[in-house]
Every structure is written in C-alpha cells, then in structure tokens.
Amino acid sequence: MSTVDKSQRVYDFKAIEEKWQKKWREQNLYAAPERPDPDKRFYMLEMFAYPSGDIHMGHFRNYIIGDAMARYQMMQGKAVLHPFGWDAFGLPAERAAIQRNIHPSEWTQKNITTSRATLQKAGISYDWSREINSSEPKYYRWTQWMFLRLFEKGLAYRKRGFVNWCPNDKTVLANEQVKDGKCERCDTVVEKKDQVQWYFKITEYADQLTDDLDKLPDWPDSVKTMQREWIGRSYGAEIDFTIEDTGEKLPVYTTRPDTIFGVTFMAIAPEAELLDRLELEPEYAEKVRKYREMALVRSEIERAAATGEKDGVFTGKYAINPYNGEKVQLWVADYVLAGYGTGAVMAVPAHDTRDFAFAKKYDIPVKVVIHPDKDTALDPETMDEAFTDYGVMVNSGQFDGLVGSEAIKKVTDFAEKQGFGRNKVNFKLKDWLISRQRYWGCPIPIIHCDKCGAVPVPDKDLPVELPKVRNFLPKGRSPLADVPEYMNVKCPKCGGEAQRDPDTMDTYVCSSWYQMRYVDAHNDIAPFDKDKASRWFPIDLYVGGITHATGHLIYFRFLHKFMRDLGWITGDEPADRLVCLGMVADEKGETMSKSKGNVVPPFPYFEQHGIDTTRLAMFFTAPTEKGVQWDGSTIVGVKKFVTKSLFPLIRHYRGSSPDLKQHFMVEDLTKDERSIYVKLNQTIKRIGEDIERLQYNTAIAALMELVRDYQPDKIANDALNDCIVIKAIQLSAPLAPHLAEELWSEVGFSESVFKSSWPEYDPEAIVAELIEIAVQINGKLRDTVTVPADSDQSVVEDAAMASPKVQKYTEGRQIIKKIFVKGRILNIVIK
RNA sequence: GCGAAAGUGGUGGAAUUGGUAGACACGCUGGAUUUAGGAUCCAGUUCCGCAAGGAAUGGGGGUUCAAGUCCCCCCUUUCGCACCA
C-alpha cells in the first residue's frame, strides 16, 4: 500500500464534508456564549421556519445567506448567536393531519425531524442547543405568559364587531392576513361576520410603530414605506354634526376641514349602530333595512370592485352643519367604511372624488368652496370631476380667502373654541385580531366565569396545555369547545364552575417574540433572562421574505416595544438591519410550493456536486435581494472553479508558516510579486465589503480573479506565496466552509479556520504601481495611457499628448480646458 | 387608480460616491487534442463596419467637461395597497 500524496488528491467533497461536520459538532463550534460582551457579538437571525415538509432550494438559499454572514462574523472575532427553531403551530398541520388521519403534532414532528436533518446535512452553523418549537408547552407557556401581560395592561381584550371570516378554514383572520379580499393561506374569498373576538391593542403603539421606522436606516425603504402606509397615520379634525330630529351628535372625521362649507350630504356606513337608533319614517325604513342587509353580505372584494360605481339610500333624516346651520340629507352608503374614523363622513362633492360620483348619481347639489387660486374660479355646473387639491376658501363666510394648511388650522381652531370639533389623528391600522377557532395553536389562557367574567389563568398554572384530541375538524367554532375535560374548570377567582376560552391564538403571536427566547431558550422560570437579552439585542441582521413586510414584521416590532415598556428588553427596535431575500423560482420561473408540486430539494445537489459547490452556485447566481430562477446552470462554472482552481490551491503551499499579519515592502518584491500582492489586497478589501453588503456573487467573482491571477512559478518569495494561499483559503471560508476548513487543516493549523482572524488588507498595497488612465476628448474615450499610480496631472497630460491617437484629435484645435481626476481620467475639451 | 422597486449582451449578472459600460460566469463560434459519457486546452464573443470609425444601458428630452448612475416626461415588468374621507 503506497502513501497517497495528499497534495495531489482529488476533491472528495463527500468525505471532506462529513469529516468536518463531525468535527464541528464535537468541538461545539457554533455554541453561542450565554453572556457575550455586547460590543463583540453578532446576532444573526433568519425568519422563523414553518415545518411544511422538507426544506427546498428557497429555504436553502435563505439559510446559507445567514450562514455565510455568521461565519464571516466569527472570523471578525465576534461571539455569534445563530439560532434556529420551528413555527410549529398552524393550519397546514391540521389539514395534512386530516388527510392522513394522523395527529397534527405527529405530522409536525415528522417534518421537523426531516428538515432538521437536511439543515444539519447542509452544515449550516446553527447553535442547535437553542432550538425551539412553538408547539411545545415549554415554549407556548411563555406565549401565554405574554398574553397575560398584555391582558393585565388592557392590551388584550375582547370585543364584538365585524370580522374577517374564512369559510374554508372556518376561522377568523386578522386584517394583515387578508390579501385582495381573500384568505392569505387558502385564497378563499373572505366574508364579514359579527362576532366577539380577542384583540391585541396594537393601535396603542401606532404612533411609535410609524415614527420609529426613522430609527431603522438599514431596513429597506420598500418595507418601511409599506409599513407606513399600512399604519396609515393621518392628521385631521373631528367635527360634530347634529341629527336634526334627535339632537344626537354625529361626529365625522375629515382631513379637509377647509371644505366644510361645501358639505351637501352626510353618509354613514351600513354597519353603523346609529342607524338602529334612528326612528325612520316607514317609507324609508324598509329601503334602508334592505340596503343594509345587502351591503353586509357583499364581500370586501365586491364592495371594492364597485369603485367608481357608488350606491346608497336616503334615510329621510337630516343633519346640521355646525358651521353654518345648514341642513343636509343623511344617507347610508357602503363606500363608507365602518372601521375607519367614526364610520360616517361629511360629503363634499365639489372637492372629493367619491362624493362627487355619489352626488352626480343621486342628483345631490355640488357646492364649490375651494378655488384653485385667486384668479381661477370653478363652476359646479360644468365640473366633470372634483377639485381635490388645496386652494383658496370661498363661499365660506369668515374663512374666505384662507389657503391650504392655514385654512385647515383656522377652521379647526374655530370648532375647538366653539366646542363642536377637535384635532384628531387617525390610523388605518386596526387592532390585531388574535383568536382563532382552530385546534392546532396556543390555547388562550383565560377562564370565563359567570360571576367574575374573563379571568386570567394564574401564572403558576401555566402552561394551559393543549389537550391531545382526535377530532379537530374545523366546524366554525373551536374544536376545543367540544372537549369537556378541557373546557370545564374552576374559576381561579371564586372557585365556582367556569369554562376555558375555547379559542387558540394566531400563530403570528408565537412568532412575534421567538427572537427573544433564543437568548435563553431553556429558561423555565421566565421567558428569558433580562441580562442575556440586553447583551444580545438588537439583532444585527435579520433575513427573510418580503412577504412579511406588513404582517410579522409589524407584530414583531410591537411585541418588542411592549416588552421594552415592561422593562424586559432594551432598545426601541428588535432588529438593526433587515434584508429581504428574493424568491427562488424553478426553471419555469414559478415559485416553489408544495401545492404546485415543484419544490426542488437541495439534497440531490449535495450528493452530486457537494454542499460547498451547491452553496457557491446559489450565491453566484444573483445578489441576495434579487430573485433567483434556479435551474442549476451556475453549477457548471462554479464546479470547474472549485475542482480545478480553489481546491488545488493547497498544492502550492510551500510550508513556510508565514506571519499572516506581515506587510510586504514593495521594494523587496519583483514586478510579478508586486502585482499579485496588490491583487491579494484588493481582493481582501473587495470580498470583505461584498460580504458586508450581502453581495456574495461578486465576492465569488473576486475570489475567482485572485486565483486566476495567481501564478506560483512567478513568485520566488515563499512567505508571500504562502500568505496568498492561506488568505485565499480564509476568504473562501464563509462561502465554502467545509472545503476551506479542509485546506486550512492541510496547511497545518489545528484550530478551526472560523477561529482565525479575517485577513486585513495592506492599505499601502491596494493600488497597482502602474495604472491605466482613460484619455477622453470632449468626453469620448480616445486612448488610454499607462502611468505610475500617483501621477499628477502634468505627467498624465504629457503621456496623453504623446499619443498619436490623441494628437489626431487635438491637432489644429484649440484646447479649452482639461479635466483631470486622479487615478481615473483626463478629459481634454477642445473646440 | 395610488404607492414602491426595477428595466444593462443570446443568458445570470458586474460597474459602493457621476469618471475607461459589459467584471465574473453560462452559452455560443473557431481551433487543438481527443474521440462515449455534462471531457480538456487555446482563441474569439455588445451591435454595425473590411477598416478607420460609429452606435449602444426600455423610449424621449435635460443638467454636466463627463450620465447606466442626477432631473423631467413616457412605456414595460414585479411587488404592495386597494373607496382610509
């Protein structure tokens, strides 16, 4: 048996990957410390994963992006927290369980086992000792604890109202979970139902949630804009109109008090309770009743589809405008939303598009009270659309002549003084409806007692465990309601017979605080330790899909702020930097989903090409924020690079064990040596910057260039040669960890490459000695000249003027000026 | 309809701040070697042109010595919101 020369052996990725995964496990390489130095730590988090089967290329991409950053930060000397866990409650588990006749917990557990195995196989740098599972009592006990804290502060409450109901899933939905009038999970058209449900008072935090977006410079603008619009803060006034008969006040919200003299009718939402109290004349009562009935069964999309085509009915009643005592008709119209403002609007047809359309349809007068400017008047007879811009007030008594914001202020101030109006801020954001009529979720820790009302389960009795039942078919109320052993309990307050709340929580509740649990995943006396949280928070980098822009990412910020107010956590925001990944589509451009049956698993790629090559190919395809159409085509080039260039690099190591911190003096190097030394330092700089901004594709390109330009036979200096080999290995480590670790050990290091320090570039050696300067004539490139790097204008000019190509253009022409940018261009402007 | 982001070779994509557009790859073409495997090596490859040269970053205008990058208008695509008074 002959000894194999290890420097000549081929790239056996399978052996290498298995070997290092085993070693990493044995060394506990990814175990995060309990209490890191806050200045030397990095919290890398990828969004909570729903275990829907096995992971596919989309997940894989997400996790390797986080993984590369985590490894890079380790090499920066940071204590890294890179945890993983499962958002394990939720509807798909119930659906699958029903289909297969097994229990949701079994299905979930099986998926977790499979997915975890794939992630471990992929060698992602998770600290598995902190793994969490939101469907386990040891986790959801603290979800219930959060609920109780919110309840104590009056931020978890029950109310009756019209809610979004998904007839397919047979449960209610939060506003954020309705997309296009349809259920975000199953695409069924959502209905309206009048029900009592649990809410979290997220609106209490609406101002902060919108203001603090300014404290997040490293969040994408698109996400911040979406959140701002979702929260939808607006400034306006609330003005009390009066019902003529009864004298009852009818407050309305408006952002345009300056148009108040143009009100020609009032409109109220069909859902408005006020309508029940009005005693309508018989000739109107029946029409109004029918209209309300019809409006209530219309789905959100039907109502929205009618945009432009407005309808409504006159109630026969009148309201009085407090500014001028004018009497205007009171209508019911379904373009008025019950859930916004006061559910009633003052209609100004001349200056509001919707009111204009409505007035035209029902022949209601149009009264102009704003002119575009002093010299332009509007004629209600000839207007074919509303004038909605700001302008000069007219026909408005004492307010005539006022303009824009000043007008608004004066009109509102007047109402305030007279006591019939006030400044008012309104939000589109609604309270978060968190109760669900489903089995597979976190039980709501409340007991309903006839005597004491809604009584919180005492902390000592947590968790309220989800009973393991067989029948969890959804039927419109929680399946738990049919489990007497669960439902019937003693009231914690009076000891009398009482019943548990049968609902479970929205799974977004589970995922709104999981990031806190990771800092102390096994604490069984508190949700987490405050000191540990203060050391780890805020999250340095949070990566996930843009789909969570207005749902999870608002809830997550809300819970953080709530816990901050309770003194549990520091800082106003949970995550410093957010990066939204592009989606991974299949070769046809369709997004991968289980229901479409087009999920591409990473495993076959691991087998055929190796994990590191699969990673590099995925990284190389596109920068992080951009979507990827994965067809595996980038593998070809990347594989060539790995097997022919990167892996064989070790053959050129000469065993000099150089000092990695040393800088080489240019005068000690030959021309070829100098040039590769500069290339090395440029590459160190580029790759570091590329990784920081998650442009792994260009980092790989830079590495390819370095390896391409490296010609060992032209390097006599052993220390330089070996520095290049070693640093190239380090530079590749975050991207191709197993391979780098193998080469690193072959160089002779005994500790992991991830414990080594990321190379620092020699700032004296990032510019080549000779550089090309572009010479332009009137902005057009005519030639380039090669000059010493720090040449000033005169040197470059001399070289440029010596060029025949340049002379051809300048001959006989007048040179007007020359623009010189050091190290880049010389532009000669001629006439 | 409103809002946001984006349009660069045959393809994926480069071009941190206005300064040599097309890095790095894929693919393709030619050649070499070889000839079973999706092999290797060399050369070429934005377009037009024999060349000199010209044109070119969705289209049109503008600012500037200089524009993929900044400004205005338009078109297309993707995403988000959809009567928020």
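Each chain gets a letter, A, B and so on, in the order the sequences are listed, and its residues count up from 1.
In this structure, OH in A:Y696 is found 10.0 Å from CD1 in A:I700, a value given to the nearest 0.5 Å.
Side-chain proximity of A:R824 to B:rU20, B:rC83, B:rU16: nearest is B:rU20. Across B:rG38, B:rU20, B:rA82, the shortest atom-to-atom separation from the side chain of A:A774 is found for B:rU20. Relative to the side chain of A:Q695, the nucleotides B:rA14, B:rC81, B:rG13 differ in distance, and B:rA14 lies closest.
One finds a side-chain N or O of A:K808 lying less than 4.0 angstrom from the OP1 or OP2 phosphate oxygen of B:rG53. Within the structure, every side-chain polar atom (N or O) of A:Y253 is placed at least 4.0 Å from both OP1 and OP2 of B:rC84.
The side-chain contact (heavy atoms from CB on, under 4.5 Å) test applied to A:D187 returns A:K182, not counting sequence neighbours. With sequence neighbours left out, A:R693 forms a salt bridge (charged side-chain N to carboxylate O under 4.0 Å, His left out) with A:D690.
Counting non-hydrogen atoms under 4.0 angstrom, A:K424 reaches nothing in the nucleic acid. Residue A:S234 is classed as a sugar-phosphate contact, given heavy-atom separations below 4.0 Å to backbone atoms only.
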Completion exercise
For RNA chain B, the expected dot-bracket line (Watson-Crick or G-U under 3.5 Å, [ ] crossing, | inter-strand) is (((((((..(((......[....)))((((((.......))))))(((....)))..(((((..]....))))))))))))....

For nucleotides 67-69 of chain B, which of its nitrogen or oxygen atoms have a protein nitrogen or oxygen under 3.5 Å away, and what is each distance?
none

Give me the distances for all protein-to-nucleotides 3-10 of chain B N/O pairs that come in under 3.5 Å?
from	atom 1	to	atom 2	distance (Å)
B:rG3	O2'	A:E229	OE2	2.8

Please write out each protein N/O paired with an N/O of nucleotides 25-29 of chain B under 3.5 Å, distance rounded to 0.1 Å.
from	atom 1	to	atom 2	distance (Å)
B:rC26	OP1	A:K640	NZ	3.2

